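All values below come from the heavy atoms of this structure, side chains included, with hydrogens, waters and symmetry mates left out. Computed from a prediction, not measured in an experiment: that's the story for all the values here. Note that the numbering runs from 1 along the sequence shown for the chain.
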Amino acid sequence: GTDERGGAVRLQTGALAAAWRGAANAPQLAFSLAAPTFAQALRPQRTLTARAEAIDGLAAFSAGDWRIEGGFTNADVTDPDLPVTASGFSGRWGAHPEGGLAILSFRDAAGRVSDKTAPARFEPLTLSAMAGEVRDGIVTSTGDVRLAAGGAALARFKARHDIAASAGEAQVLAQDLTFAPLLELENVTGLARGVAANVRGPVDADFTARWQGETIAAAGALDLKGVSLAAAFGPIENVRGRIVFDDAFALTS
């Protein structure tokens, strides 16, 4: 079929189990799908694909209204226009009608994002405690950011993504992020190697990343709250102040 934006939509699934329950005036449909795949052709050479290991749900109907609540496991999203890959997401999902639209929501979700660029601009990250919705082709979400390797907590984020335009932005906020032997700057971005090492001490961070297709840029600021580090020209101790980056990936200020 096609959606209201005109893109061809395809849904494939493995085993399907469904059962009706509840009263005649308020029926419920419990269902589960094995290995569902959703694909939407947004333009030539660009197909958005979402796959999951399993999806389940309970759809409730009453007085012309409906609502679905369920869960999903090990979901991957691929889009050739996105600058990142998203994989292994699990959580809760829901759907309900609003203003003539079907609104999709998610909560308690977690998964992994990785940079497509080589060399990577940032190390693989885990997004957790995610909540958000998909409304008229716009995805909004909030959650926590952690390093995929080791699980160190980094920041909170809020993001917005326009699927059709393949454009969006994310704000990342950290407070009292403390670098220590178990968390080095190069664990966050390999681009810091040779620039700064042995960073110790707390920082606050406020960065915004914006993307259009596979092009992504980020800028923001670090507030240093008594930081020491080894720089190319020697050691620095107890640095306090703000560094504003015009390009967070190039580490230029």
- request: Only counting residues at least two apart or in another chain, list the ones meeting side chain to side chain contact (heavy atoms under 4.5 Å, CB included) with N187.
  value: L147, L183, E184
[X] side-chain N/O to [Y] backbone N/O, donor-acceptor pair under 3.5 Å:
| X | Y | result |
| --- | --- | --- |
| D76 | A52 | no |
| S90 | N74 | yes |
| W211 | S166 | no |
| R67 | H96 | no |
| T13 | A34 | yes |
| R112 | L125 | no |

[atom1]/[X] to [atom2]/[Y] distance, rounded to the nearest 0.5 angstrom?
| X | Y | atom1 | atom2 | answer |
| --- | --- | --- | --- | --- |
| L222 | D206 | CG | CG | 10.0 Å |
| L11 | F38 | CG | CZ | 8.0 Å |
| L251 | L185 | CG | CG | 7.0 Å |
| I138 | E133 | CD1 | CD | 10.5 Å |
| L33 | I55 | CG | CD1 | 6.0 Å |
| D176 | D204 | CG | CG | 5.5 Å |

- prompt: Do S253 and V244 come close enough that some side-chain heavy atom pair is under 4.5 Å?
  reply: no
Looking at every non-hydrogen atom in both residues, tell me the closest pair between [X] and [Y] and how far apart they are.
| X | Y | value |
| --- | --- | --- |
| A167 | Q212 | CB-OE1, 3.4 Å |
| V172 | A155 | CG1-CB, 3.4 Å |
| S141 | F106 | CB-CZ, 3.7 Å |
| S128 | A110 | CA-CB, 3.9 Å |
| G213 | P83 | O-CD, 3.3 Å |
| G226 | P202 | O-CD, 4.1 Å |

task: Please assess V227 against F179 for the test side chain to side chain contact (heavy atoms under 4.5 Å, CB included), listing each intermediate value before the final yes or no.
output: CA-CA 9 Å; V227 170; F179 289 95; over 6 Å; no
Starting from [Y], can I reach [X] by hopping between I/L/V/M/F/W/Y residues whose side chains sit under 4.5 Å apart?
| X | Y | answer |
| --- | --- | --- |
| I68 | L29 | yes |
| L173 | V145 | no |
| W66 | L58 | no |

- request: Run the numbers on R156 and D144 for side chain to side chain contact (heavy atoms under 4.5 Å, CB included), then give the verdict.
  value: CA-CA 4 Å; R156 288 282 297 169; D144 296 332; 2.6 Å; yes
message: Using the rule given for side chain to side chain contact (heavy atoms under 4.5 Å, CB included), can you reason through F89 versus V77, listing the C-alpha separation, both sets of side-chain angles and the distance that settles it, and then say yes or no?
response: CA-CA 9 Å; F89 280 82; V77 178; over 6 Å; no
I'd like a table of donor-acceptor pairs (distance under 3.5 Å, sequence neighbours excluded) in which one partner is a side-chain atom from residues 116-124, with atom names and distances.
| residue | atom | partner | partner atom | Å |
| --- | --- | --- | --- | --- |
| K116 | NZ | D79 | O | 2.9 |
| K116 | NZ | L82 | O | 2.9 |
| T117 | OG1 | R121 | NH2 | 2.8 |
| R121 | NE | D115 | OD2 | 2.9 |
| R121 | NH2 | D115 | OD1 | 2.8 |

- prompt: Can T47 and R10 be said to form a side chain to side chain contact (heavy atoms under 4.5 Å, CB included), step by step?
  reply: CA-CA 10 Å; T47 298; R10 185 177 72 254; 5.8 Å; no
